[in-house]
Amino acid sequence: MQFDLLFEELGEYGCFQRWIVWSISTVSFWGGLLSLTSVFVLAIPKHRCAIPGWDNDTFTIQNDQHQAIINNTIPLSNTDDELLYDQCHYYNVDHHGNRTLEQCSTWVYDMSIYKTSLAADLNMVCDGAIMKSNAQMASLAGILVGSIITGLISDRYGRKITMCVSLSITLVCSLGMVWSSNYILYVILTFLVGFFTCGSGMSSFVIALEYVGPSQRKFAGILGSIMYTLGFMALPALAYLIKEWSKLLLVVSLVGVVFIPLWLKCLCPESARWLLARGRYKEAREVIEMWAKWNKVTLSENVYKKIMTETEDEESKESQGNLLNLFTSRVLFIRTAINFLIWAVTGCSYYGLAFNAEDLGTDLYLNISLQAAVELPSNFLCIFLLDRIGRKPITLWSMIIGGVALVGTIFTLIYLPDSLVATTVIMLIGKFGVSVCYSTIFVYSAELFPTVVRSVALGACTVMSTFGGMVAPYLADLDRFIGGQLGKAIPQVIFATIIIAGGITAIFLPETLDRDLPETFEDAKVFGKYIQKKRPEEYNDDDIEQSQNEALVNDDTRRSLCLETD
């Protein structure tokens with residue numbers, strides 16, 4: 001199958017493709033809202049142990065008597081210079097005035113920043129601090145499992161059905177989280193939201209990518225990242241305005257209602273490329289004809305013969321390919337392993353920086369807003385550079401620059417603890433590099449894998465990214481166990497090291513700029529081993545004139561040889 005030849009008939013980015021790309025890419029906006037909601041829902045306010053027997057105890061000092069009782073009951077902190085009181089222990093004073101240090105089971109919280117917090121409601125502090133990391137990990141675990149299962153479903157049963165079912169279930173589960181004051185229920189629903197958010201995001205990305213020509217694949221891929229970034233940018237603004245975790249979740253969840261019309265075939269058809277790859281020619285023809293009608297193009301009589309260059313049996317065999325086929329060839333094995341590594345370290349660094357935002361000493365809303373804002377220019381930079389310098393150099397240098405910048409935060413955290421602006425600026429440079437890499441590898445990996453396993457391969461890449469992301473909350477929380485400025489620097493050391501190491505491996509990947517997408521495993525094996533010729537539409541007038549002159553010279557040479565022979 002030579003599906004890319006169809007773009008010669010219908011255009012690479014006509015009216016039909018514009019509608020598909022823009023309408024489907026908005027799915028990523030909702031994903032951006034949902035993905036890091038836990039940063040605010042599970043935010044841990046400042047706190048200390050509640051004074052035993054004081055029913056109306058508050059974190060805020062009420063009067064001098066209250067201050068005196070706190071000083072007598074709560075020990076001073078000896079683990080963190082920024083805290084005045086110990087957060088997990090209190091003095092139990094007996095009738096003789098003797099004091100014994102004990103671990104508390106109730107706390108009072110500073111609710112001046114957050115009106116409500118699920119972490120405070122469920123006391124995710126001290127011995128319960130691991131509850132927060134586990135809850136954040138549950139969302140990433142859902143993405144991991146969803147990457148495997150929804151990727152397989154997408155390649156077997158269709159991109160659209162996977163996307164629409166995932167969107168609908170995500171809506172139901174996210175609304176359920178609003179009333180999930182029980183920890184176990186919250187974790188289960190968080191897992192399901194991560195699972196189906198992955199299914200909708202990955203399927204929508206693949207649909208958009210498969211409907212545009214080679215010159216527009218970069219834009220179609222990056223647009224989803226831009227929409228995700230806009231959703232991510234809207235999240236801290238909503239959280240700042242809505243400082244109650246349940247109401248914040250309600251508003252974020254209701255955004256999913258706008259995607260219900262995507263079930264309609266007239267608004268969102270199945271991927272024609274996937275239908276042809278699966279041998280469903282009648283359905284594919286209907287979609288192609290609708291495509292031509294939208295683009296106001298009359299199809300030539302032999303258009304289907306042009307794109308179907310293989311026998312039906314061969315295509316049927318290829319369409320049954322699975323992820324394991326990527327490991328049957330040394331070339332595909334190495335490329336797949338490198339892709340997995342890059343996705344893993346990028347996911348770990350991306351989520352790690354977000355989860356660690358609360359511990360870098362700056363305002364959480366400001367920190368997350370800046371992290372979100374820095375992603376937007378990174379997306380536009382990718383649009384500007386991807387077709388100019390290629391996917392490979394951007395992946396390589398963005399990871400190295402991001403890693404080196406994170407190394408810089410280590411020194412400011414240890415030696416300049418009061419320079420919060422310096423730490424924030426350097427951290428944002430690191431986040432910029434990581435964001436550029438994340439935007440690039442979505443396009444880069446999708447172009448490296450063949451059509452018959454593209455969706456499931458991207459799902460596997462997302463699995464590796466999620467593995468890294470699942471480790472991230474535990475790495476980000478290392479400071480809670482180590483304490484001090486060194487504890488805050490250790491997560492940055494780890495994130496910087498792995499992102500630099502991952503970037504170096506990109507050297508061994510082929511460039512995909514201006515190459516036709518590989519359709520089969522055989523295409524993928526030889527991909528990058530030769531320089532593809534320019535497609536006819538890419539020739540300019542100078543190329544044509546040069547070719548004509550060369551033809552005339554060759555004709556004159558042949559005539560001379562014939563005369564000499566005579």
Side-chain angles (χ1 to χ4, degrees), residues 1-5 147-149 151-156 159 202 205-206 209-210 214 217 221 271 273-274 276-279 307-347 390-393 395-396 399 440-468 501-533:
M1 182 180 74
Q2 298 294 326
F3 188 86
D4 284 351
L5 295 176
S147 302
I148 301 172
I149 297 178
L152 293 170
I153 293 173
S154 177
D155 278 333
R156 180 170 294 274
R159 281 57 161 130
M202 186 170 55
F205 172 80
V206 173
L209 200 70
E210 292 185 341
R217 288 200 303 260
S271 167
R273 187 189 290 267
W274 176 83
L276 287 172
R278 296 294 296 182
I307 62 177
M308 303 304 298
T309 58
E310 300 174 358
T311 67
E312 184 174 344
D313 291 339
E314 288 174 336
E315 288 202 8
S316 177
K317 182 178 179 180
E318 281 288 353
S319 68
Q320 301 302 318
N322 57 65
L323 187 65
L324 295 178
N325 293 116
L326 293 173
F327 299 94
T328 58
S329 162
R330 182 178 64 86
V331 172
L332 296 183
F333 175 83
I334 293 174
R335 291 178 184 174
T336 303
I338 292 174
N339 269 279
F340 284 177
L341 177 62
I342 292 175
W343 279 76
V345 299
T346 305
R391 284 67 162 148
K392 178 177 176 178
T395 301
L396 171 64
M399 296 182 79
T440 303
I441 59 173
F442 268 98
V443 178
Y444 196 11
S445 297
E447 292 179 340
L448 283 171
F449 293 118
T451 298
V452 290
V453 290
R454 181 168 296 118
S455 187
V456 71
L458 284 177
C461 287
T462 306
V463 167
M464 301 309 298
S465 175
T466 309
F467 267 127
I504 294 173
T505 63
I507 296 173
F508 304 100
L509 292 176
E511 181 56 71
T512 61
L513 178 62
D514 288 334
R515 305 291 195 268
D516 288 337
L517 292 179
E519 304 287 355
T520 66
F521 290 108
E522 292 303 318
D523 293 342
K525 289 177 185 178
V526 300
F527 189 83
K529 291 186 177 181
Y530 61 92
I531 299 176
Q532 289 174 283
K533 296 180 180 180

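Annotation: salt bridge (Lys or Arg N to Asp or Glu O under 4.0 Å) contacts involving residues 324-333, sequence neighbours excluded, are absent.
Ile153 pairs by the side-chain contact (heavy atoms from CB on, under 4.5 Å) definition with Ile149, Tyr157, Thr162, not counting sequence neighbours. Residues forming a side-chain contact (heavy atoms from CB on, under 4.5 Å) with Ala446 (at least two apart in sequence, or on another chain): Phe205, Leu209, Arg454, Leu458. Remark: Ser465 pairs with Trp343, Tyr438 by the side-chain contact (heavy atoms from CB on, under 4.5 Å) rule, at least two apart or across chains. Partners of Phe340 under the side-chain contact (heavy atoms from CB on, under 4.5 Å) rule, at least two apart in sequence or in another chain, are Phe327, Thr336, Ala460, Cys461, Met464. With sequence neighbours excluded, no residue forms a side-chain hydrogen bond (donor to acceptor under 3.5 Å, both in side chains) with Trp274.
Counting heavy atoms from C-beta on, the side chains of Pro393 and Glu511 come closer than 4.5 Å. The shortest side-chain heavy-atom distance between Met399 and Val345 falls under the 4.5 Å cut-off. For the pair Arg156/Arg278, a side-chain contact is recorded, criterion being any heavy-atom separation below 4.5 Å from C-beta on.
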Practice problem: Take Thr395 and Leu509, measure what side-chain contact (heavy atoms from CB on, under 4.5 Å) needs, and give me the verdict at the end. | Solution: CA-CA 10 Å; Thr395 301; Leu509 292 176; 6.0 Å; no

Self-check item: Steps toward side-chain contact (heavy atoms from CB on, under 4.5 Å) verdict (Phe449, Asn339)
Solution: CA-CA 10 Å; Phe449 293 118; Asn339 269 279; 4.3 Å; yes

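The minimum heavy-atom distance linking Lys525 with Ser329 is given by the pair CE-CB, 3.8 Å. Closest approach of Pro450 and Leu326 over heavy atoms only: CD-CD2, 4.2 Å. Across all non-hydrogen atoms, the minimal contact from Thr505 to Ile338 is O-CG2, 3.6 Å.
How far OG of Ser271 is from CZ of Arg159: 5.5 Å, rounded to the nearest 0.5 Å.
No side-chain donor-acceptor contact under 3.5 Å links Lys392 to the backbone of Pro510.
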